[in-house]
Number of protein chains: 2
Amino acid sequence: MYDVADRAGVSIATVSRVYRSPGSVRSETRDRVLKAARALGYVPSGSARGLASRSTGVLGLCFPDYADPDAEDSPANGDEEMLYSDEIIRGMERAARRRGYALLIAASLAGGPENLVAEVAGRVDGFAVLARTVPTESLEVISRRLPVVMLAGPREIDHLDHIEVANHDGQRELTRHLIGDHGYRRLAFVGGEAVSPDAEARFRGFRQACEEAGVEVPGQPDVRAEMTQAEGRRAAHALLDRPGEPPRAILFANDQMAVGALHALEERGTRVPDDIAVTGFDGIPLGRLVRPALTTVRQPMRRLGEEAVELLVQRLAAPKREPVSLVLPVTVMRRASCGCPDPQL
Amino acid sequence: MYDVADRAGVSIATVSRVYRSPGSVRSETRDRVLKAARALGYVPSGSARGLASRSTGVLGLCFPDYADPDAEDSPANGDEEMLYSDEIIRGMERAARRRGYALLIAASLAGGPENLVAEVAGRVDGFAVLARTVPTESLEVISRRLPVVMLAGPREIDHLDHIEVANHDGQRELTRHLIGDHGYRRLAFVGGEAVSPDAEARFRGFRQACEEAGVEVPGQPDVRAEMTQAEGRRAAHALLDRPGEPPRAILFANDQMAVGALHALEERGTRVPDDIAVTGFDGIPLGRLVRPALTTVRQPMRRLGEEAVELLVQRLAAPKREPVSLVLPVTVMRRASCGCPDPQL
DNA sequence: ACCTACCATGAATGCGCTTACAGCGCCTGG
DNA sequence: CCAGGCGCTGTAAGCGCATTCATGGTAGGT
């Protein structure tokens with residue numbers, strides 16, 4: 001900057017103004033500065049600017065690592081892994097750009113999440129955290145210095161902004177569809193581990209729909225599992241091995257389990273949806289690939305990212321506004337696995 | 001930091017050392033500092049650190065915007081848009097984290113790409129650029145101050161590190177498969193616009209395979225099109241409306257066109273692969289969703305991102321090493337559209 | 001012709017940190 | 001017993017920029 005100022009015959013203050021508030025510099029002077037900058041290959045230092053202006057122009061996103069960082073880049077595991085983070089990243093990037101911010105992303109490494117978040121926090125004006133990525137205490141401390149918004153999952157710290165999706169309502173609507181439109185009444189629900197607030201909310205939605213329809217309501221999920229494909233498969237077998245009449249439909253707390261169950265049912269020669277209907281929750285791309293295509297509840301992850309940016313921007317503008325908690329609507333995707341006609345591609 | 005130093009009864013230099021080189025501080029002192037930091041909710045400033053240390057610990061990625069930022073978040077257009085950028089981002093993030101860097105991403109806005117790259121450049125230690133995202137002249141200037149690696153596409157500036165995929169070899173191998181394994185000899189190639197170096201390289205690979213097999217070699221692609229679905233569909237119709245015997249197989253320079261062609265052929269009642277085989281290039285997820293599933297050449301986009309980070313890290317370590325140009329291997333994905341048995345999910 | 005208001009610019013300060021460099025106390029070998 | 005070395009810490013000088021305040025010049029008002 002000093003060199004540019006020299007070459008243009010102005011002071012560094014003027015060079016700064018050319019970039020910060022072009023309008024306040026005479027156009028002739030401005031052109032001279034710009035020309036000098038180009039000639040010298042001047043690239044303004046973000047660090048210096050950040051230090052002097054006390055703001056970085058960057059928003060951040062911390063998310064759990066979606067996969068083993070040392071995993072092979074095998075052709076096979078391409079889309080399956082396209083999990084939420086990618087969509088959230090996309091949504092945030094887009095919204096951030098619209099707002100004039102860049103986006104800094106960092107997955108939490110198994111090694112030291114504490115460091116991770118400190119690294120990010122020091123470089124951004126505010127950031128979003130996917131649930132359970134960062135220890136609550138770290139967040140507690142950091143959120144005293146800059147805006148943080150929690151994404152999905154429970155609102156661990158109540159003075160933070162928070163966005164979640166309509167787990168309860170989505171599962172209720174899906175259940176209503178199974179009962180009301182398909183006439184299924186022997187329903188089984190496969191939940192997640194009891195500590196997962198999302199899975200619990202979904203179960204409550206399921207219960208409510210059952211109650212409303214006068215269908216027998218279980219106090220607990222029929223099975224609890226770890227929300228992976230393998231566990232879903234196991235859960236399906238367990239459910240069908242139980243004595244008595246098998247369920248007419250199995251609702252899984254997420255898509256991964258439902259896909260596993262599809263495999264299990266195929267192994268047993270049980271037809272889906274003719275013998276048993278299967279549904280999931282999330283709307284992962286894999287759900288469209290499997291046959292029958294998986295009926296599920298789609299979470300608007302991209303929008304989640306966009307709303308996160310909006311919340312951050314708003315809080316930056318009004319730091320002591322009341323904390324906000326948004327609930328984003330979800331969409332029931334009726335596909336073949338519940339008995340609906342498969343919409344051909 | 002001053003407050004932390006005060007509270008711990010040390011100088012700010014010692015506080016700094018606690019974070020930069022913990023080993024050089026007596027452990028008792030270190031604990032005192034850490035305790036004070038925690039009590040005060042100290043979050044080190046990335047800007048200040050960056051300014052003082054002349055390095056940011058951040059790598060960047062500039063890519064073209066994959067979609068209209070104002071597009072609806074409709075459930076339908078979910079996976080189709082899962083383009084390269086997401087996979088590259090994923091690869092870079094993972095590799096960067098392994099190397100101790102964070103990742104800053106920014107899509108080029110139609111508005112001002114020039115600004116964009118300057119914004120990014122000032123905040124990072126080095127960055128990767130997807131081909132044709134940034135005007136060459138801007139890159140020229142910026143690459144004088146910090147490492148830049150060009151991703152995919154031609155090597156526009158020859159003193160930059162550069163990574164591309166094996167367009168030529170991949171298309172050659174795919175063509176050999178069609179000729180050698182399936183016995184097709186009437187082949188048509190639908191290329192991109194002449195300015196696309198990727199598409200041209202693919203065409204050359206096609207030609208070479210034809211020559212080697214003694215199959216008639218066209219000097220130019222049978223059709224040139226814009227590499228979109230709509231154009232692919234148009235191209236397929238055009239090809240089949242030509243007088244004379246229709247081709248036994250059509251090779252498209254990318255998946256998008258091939259998918260469009262699949263629709264066109266369905267419209268005409270032409271069976272794929274029985275009447276005509278179809279192939280693409282890229283390995284987009286949509287290619288697995290369509291029926292018949294699209295035989296194609298898969299680009300290792302995630303690895304592209306990882307290699308980009310490695311190159312940046314290496315150049316940071318050895319700024320005046322010779323520029324490197326990597327060619328990543330691709331994988332032929334044999335699916336149903338060429339006549340191979342469809343691997344069931 | 002003089003004062004005020006305003007515009008364009010320069011001088012100077014400090015943002016929060018890293019990093020020589022220097023200093024202090026202590027230990028070692030000669 | 002002293003020179004030299006080592007381990008730990010403090011001092012101080014910036015890093016490259018934004019920004020406040022002061023300054024000179026110019027136009028408008030009276």
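As the structure is a computational prediction, the values presented were derived from the model and not from experiment. Chain A is the first sequence line, chain B the second, and so forth, proteins listed ahead of strands; every chain is numbered from 1.
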Kindly give the heavy-atom pair with the smallest separation between [X] and [Y], and that separation in Å.
X        : Y        : value
B:Glu306 : B:Gly91  : CG-O, 3.3 Å
A:Val124 : A:Leu59  : CG1-C, 3.9 Å
A:Ile12  : A:Ala5   : N-CB, 3.7 Å
B:Leu151 : B:Leu130 : CB-CD1, 3.5 Å

I need the [atom1]-[atom2] distance between [X] and [N], as an integer number of Å.
X       : N      : atom1 : atom2 : value
A:Leu51 : C:dG16 : CG    : C1'   : 5 Å
A:Asp6  : C:dA11 : CG    : P     : 11 Å
A:Ile12 : C:dA8  : CD1   : C1'   : 17 Å
B:Arg49 : C:dT18 : CZ    : P     : 5 Å
B:Arg17 : C:dC21 : CZ    : P     : 14 Å

Worksheet item: Does some side-chain heavy atom of B:Leu61 sit less than 4.5 Å from a side-chain heavy atom of B:Leu104?
Response: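 No - every pair of side-chain heavy atoms lies 4.5 Å or more apart.
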Select base, sugar-phosphate, or nothing to describe what [X] touches, counting heavy atoms under 4.0 Å on all strands.
X       : answer
B:Val15 : nothing
B:Gly46 : nothing
A:Met1  : sugar-phosphate

Practice prompt. Give, ordered by number, those residues of residues 18-30 of chain A having at least one heavy-atom distance below 4.0 Å to an atom of DNA chain C; if nothing qualifies, reply none.
Written response: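 Contacting residues: A:Val25, A:Arg26, A:Thr29.
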Counting just side-chain N and O atoms, does [X] come under 4.0 Å of either OP1 or OP2 of [N]?
X       : N      : answer
B:Ser16 : C:dT18 : yes
A:Thr14 : C:dG10 : yes
B:Ser45 : C:dG16 : no

Discussion item. Please identify the 5'-most and 3'-most nucleotides of DNA chain D with any atom under 4.0 angstrom from a heavy atom of chain A.
Written reply: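 Under 4.0 Å from chain A, the extent on DNA chain D is D:dG16 to D:dT20.
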Worksheet item: Is it true that A:Glu93 and A:Arg97 make a salt bridge, defined as a side-chain N closer than 4.0 Å to a carboxylate O?
Response: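 The answer is yes: the pair qualifies as a salt bridge.
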Worksheet entry | Carboxylate-amine/guanidinium proximity below 4.0 Å for B:Glu164 and B:Arg155 |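 Salt bridge flag = no for B:Arg155 with B:Glu164.
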Report, one line per pair, each donor and acceptor closer than 3.5 Å where one atom sits in a side chain of residues 319-326 of chain A; sequence neighbours left out.
from     : atom 1 : to       : atom 2 : distance (Å)
A:Arg321 : NH1    : A:Gln314 : OE1    : 2.6
A:Ser325 : OG     : A:His162 : ND1    : 3.0

Distances under 3.5 Å between protein N/O atoms and the N/O atoms of nucleotides 22-28 of chain C, please, pair by pair.
none

Discussion item. Just to verify, what does A:Ala201 make a side-chain contact (heavy atoms from CB on, under 4.5 Å) with, not counting sequence neighbours?
Written reply: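 Here the qualifying residues are A:Asn167, A:Arg204.
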Item to complete: Could you list the residues that satisfy side-chain contact (heavy atoms from CB on, under 4.5 Å) with B:Arg7, not counting sequence neighbours?
Response: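 For B:Arg7 the side-chain contact (heavy atoms from CB on, under 4.5 Å) partners, ignoring immediate neighbours, are B:Ala36, B:Ala39, B:Leu40.
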Item to complete: For the side chain of B:Tyr2, starting at C-beta, report the closest nucleotide among C:dT18, C:dC15, C:dC17.
Response: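 For the B:Tyr2 side chain, the nearest candidate turns out to be C:dC17.
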Worksheet item: When the aromatic ring centroids of A:Tyr42 and A:Tyr2 are compared, is their separation below 6.0 Å?
Response: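 No, the ring centres sit 6.0 Å or more apart.
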Worksheet item: Just how far is it from atom CZ of A:Arg123 to atom OG of A:Ser47, taken to the nearest 0.5 Å?
Response: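 OG of A:Ser47 is found 8.5 Å from CZ of A:Arg123.
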